[in-house]
Participant: 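Before anything else, here's the structure in question.
For reference, positions follow the sequence shown, starting with 1.
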Amino acid sequence: MKKTKANDNRTAVHIVNKELLQPYNPVTINLIGAGGTGGQVLTALARMNQALVALNHPGLFVRLFDDDTVSRANLARQLFTTAELGLPKSVALINRINRFFGTNWKAITEKYDKTYSGNKESAWATITIGCVDTVQAREDIAHILKTLNKRMSNSRSQPLYYMDFGNSRETGQVILSTIGKIKQPDSKQYLTAETLPMVTDEFGELLKASETTDNTPSCSLAEALTKQDLFINSALANVGASLLWQLFREGILFNRGFFLNLKDFRTQPLKVA
């Protein structure tokens, strides 16, 4: 009897698009959000780029999107100093990374939303990473990526993956999605998954239910710390970056994300299905 997915007992995996493993040029990444998580993820990407280059990979080219400026409430919980007060967040972080690591990454001081995307070349990237804090921002990113995927189908430059970071005060999650289908090789050992669901499609209602009604900015660091734990962003960034590193180095994923509870020090992987 021919196996169907329902009775197939092989382990489900996702085989990473080969263009990421041995590319001719640096892999483009759009990082959306330069706040508590985005700043930590940017630093992790810079370290990853340095490691990839040492392993004869072309490395990464990152664009950081954020239209906000540095305020006193951002100090300590986000990676800014008093000397950067009033500066655009994306500019402050990218300048520091470029000086420290010798990269030539780009800051974009605009929101990554439907009004920005249009036909701008910088709207697309091989990998998009979202570090945003509202459901609407996630839905905008998902809409842009799905539109770009249709417009650029069969192009070597079309967007492939979207990684979403999200958190509340002491919990959070990182979920990797494909933008459309990624062709998978035949495998007798594994059940390969060509699609990893978009976070807004799979957990849309849950995201809306968990979104707080108070979205007003914090006016001080003390107030900001009542809304988010001091280390939730860095904890998420490090484990999420580890998933991305696995994508580049191993080329096969058994997990497509995780849920983190920092209060209880628990991490629950989200399996490829």
Side-chain angles (χ1 to χ4, degrees), residues 14 16 20 27 29-55 57 59-66 74-81 89-90 92-94 96-98 100-101 103 105 125-133 138 141 161-177 196 199 203 221 224-225 227-272:
H14 175 74
V16 177
L20 296 182
V27 175
I29 295 180
N30 278 349
L31 177 57
I32 318 300
T37 302
Q40 299 281 353
V41 171
L42 181 68
T43 302
L45 290 174
R47 294 173 59 199
M48 196 180 304
N49 172 68
Q50 201 168 45
L52 287 170
V53 170
L55 294 167
H57 185 284
L60 312 173
F61 173 73
V62 178
R63 304 184 193 97
L64 177 62
F65 290 76
D66 200 298
N74 302 142
L75 304 181
R77 199 180 64 77
Q78 300 181 21
L79 297 178
F80 300 109
T81 70
K89 288 183 176 181
S90 59
L93 291 175
I94 285 290
R96 194 186 315 157
I97 289 294
N98 285 343
F100 192 93
F101 290 95
T103 48
W105 293 356
T126 305
I127 301 173
T128 298
I129 301 176
C131 299
V132 295
D133 53 11
R138 285 184 172 86
I141 293 170
Y161 294 98
Y162 171 49
M163 178 177 273
D164 176 79
F165 286 75
N167 69 281
S168 56
R169 188 172 188 275
E170 295 167 321
T171 62
Q173 75 284 332
V174 175
I175 297 173
L176 180 70
S177 310
L196 304 178
V199 62
F203 298 107
L221 174 60
L225 289 172
K227 296 181 179 180
Q228 292 191 27
D229 184 80
L230 182 60
F231 294 108
I232 184 66
N233 303 113
S234 53
L236 275 175
N238 281 323
V239 187
S242 182
L243 175 62
L244 197 60
W245 177 245
Q246 193 175 90
L247 179 148
F248 280 109
R249 293 301 299 146
E250 298 182 16
I252 182 171
L253 297 176
F254 294 86
N255 301 298
R256 61 186 181 92
F258 61 88
F259 295 93
L260 173 69
N261 186 319
L262 199 58
K263 185 175 183 179
D264 297 333
F265 302 106
R266 287 186 292 109
T267 303
Q268 177 66 41
L270 181 62
K271 298 288 185 184
V272 171

Participant: Quick check: does any side chain N or O of His57 sit under 3.5 Å from a backbone N or O of Ala51, one acting as donor and the other as acceptor?
Facilitator: no
Participant: Provide the closest heavy-atom pair for Cys131 versus Thr37 in the form atom of the first, atom of the second, distance.
Facilitator: SG-CG2, 3.8 Å
Participant: Looking at every non-hydrogen atom in both residues, tell me the closest pair between Arg138 and Asp133 and how far apart they are.
Facilitator: NH1-C, 4.3 Å
Participant: When rounded to the nearest 0.5 angstrom, what is the spacing between CH2 in Trp105 and CG in Leu42?
Facilitator: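 One finds 6.0 Å between CH2 of Trp105 and CG of Leu42.
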Participant: What's the separation between atom CD1 in Ile127 and atom CD1 in Ile29, rounded to the nearest 0.5 Å?
Facilitator: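 Output value for this atom pair is 4.5 Å.
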Participant: If you measure from OG1 on Thr126 to CG on Asn30, what distance do you get to the nearest 0.5 Å?
Facilitator: 9.0 Å
Participant: If you take all heavy atoms of Leu253 and Val272, which pair is closest and at what distance?
Facilitator: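 Closest heavy-atom pair between Leu253 and Val272: O-CG2, 3.5 Å.
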Participant: Write down the atom of Leu75, the atom of Phe80, and the distance for their closest heavy-atom approach.
Facilitator: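 Looking at all heavy atoms of both residues, the shortest contact is CD2-O, 3.6 Å.
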Participant: Evaluate the side-chain proximity of Ile232 to Arg169: yes if any heavy-atom separation is below 4.5 Å, no if none is.
Facilitator: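 Answer no - side chains too far apart.
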Participant: Nearest 0.5 Å, please: how far is CZ in Phe258 from CD in Gln173?
Facilitator: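 So the CD of Gln173 and the CZ of Phe258 are separated by 9.0 Å.
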Participant: Applying salt bridge (Lys or Arg N to Asp or Glu O under 4.0 Å), can you list everything that pairs with Asp66, at least two apart in sequence or on another chain?
Facilitator: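 Asp66: no salt bridge (Lys or Arg N to Asp or Glu O under 4.0 Å) contacts found.
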Participant: So do Phe165 and Ile129 actually touch side chain to side chain, heavy atoms under 4.5 Å?
Facilitator: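 A side-chain contact under 4.5 Å exists here.
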Participant: Do Arg266 and Phe259 come within less than 4.5 Å of each other through their side chains, counting heavy atoms only?
Facilitator: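 Not touching, per the 4.5 Å side-chain cut-off.
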Participant: How far apart are the closest heavy atoms of Glu170 and Lys263, and which atoms are they?
Facilitator: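 Taking Glu170 first and Lys263 second, the nearest heavy atoms are OE1-CD, 3.4 Å.
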Participant: Please assess Val239 against Leu260 for the test side chain to side chain contact (heavy atoms under 4.5 Å, CB included), listing each intermediate value before the final yes or no.
Facilitator: CA-CA 9 Å; Val239 187; Leu260 173 69; 5.6 Å; no
Participant: For the CG atom of Leu270 and the CZ atom of Phe203, what is their distance to the nearest 0.5 Å?
Facilitator: 5.5 Å
Participant: Could you state the interatomic distance from OG1 (Thr128) to OH (Tyr161), rounded to the nearest 0.5 Å?
Facilitator: 13.0 Å
Participant: Report all side-chain donor-acceptor pairs from residues 241-250 shorter than 3.5 Å, counting only partners two or more places apart or in another chain.
Facilitator:
none

Participant: Minimum heavy-atom separation for Leu45 and Leu60, please, with both atom names.
Facilitator: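 So the minimum-distance heavy-atom pair works out to O-CD1, 3.7 Å.
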Participant: Okay, side chain of Arg96, backbone of Leu79: is any donor-acceptor separation there less than 3.5 Å?
Facilitator: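 At least one qualifying donor-acceptor pair exists.
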Participant: List the residues meeting side-chain contact (heavy atoms from CB on, under 4.5 Å) with Phe231, not counting sequence neighbours, and say none if there are none.
Facilitator: Asp229, Ser234, Leu262
Participant: Using the rule given for side chain to side chain contact (heavy atoms under 4.5 Å, CB included), can you reason through Val41 versus Met163, listing the C-alpha separation, both sets of side-chain angles and the distance that settles it, and then say yes or no?
Facilitator: CA-CA 11 Å; Val41 171; Met163 178 177 273; over 6 Å; no
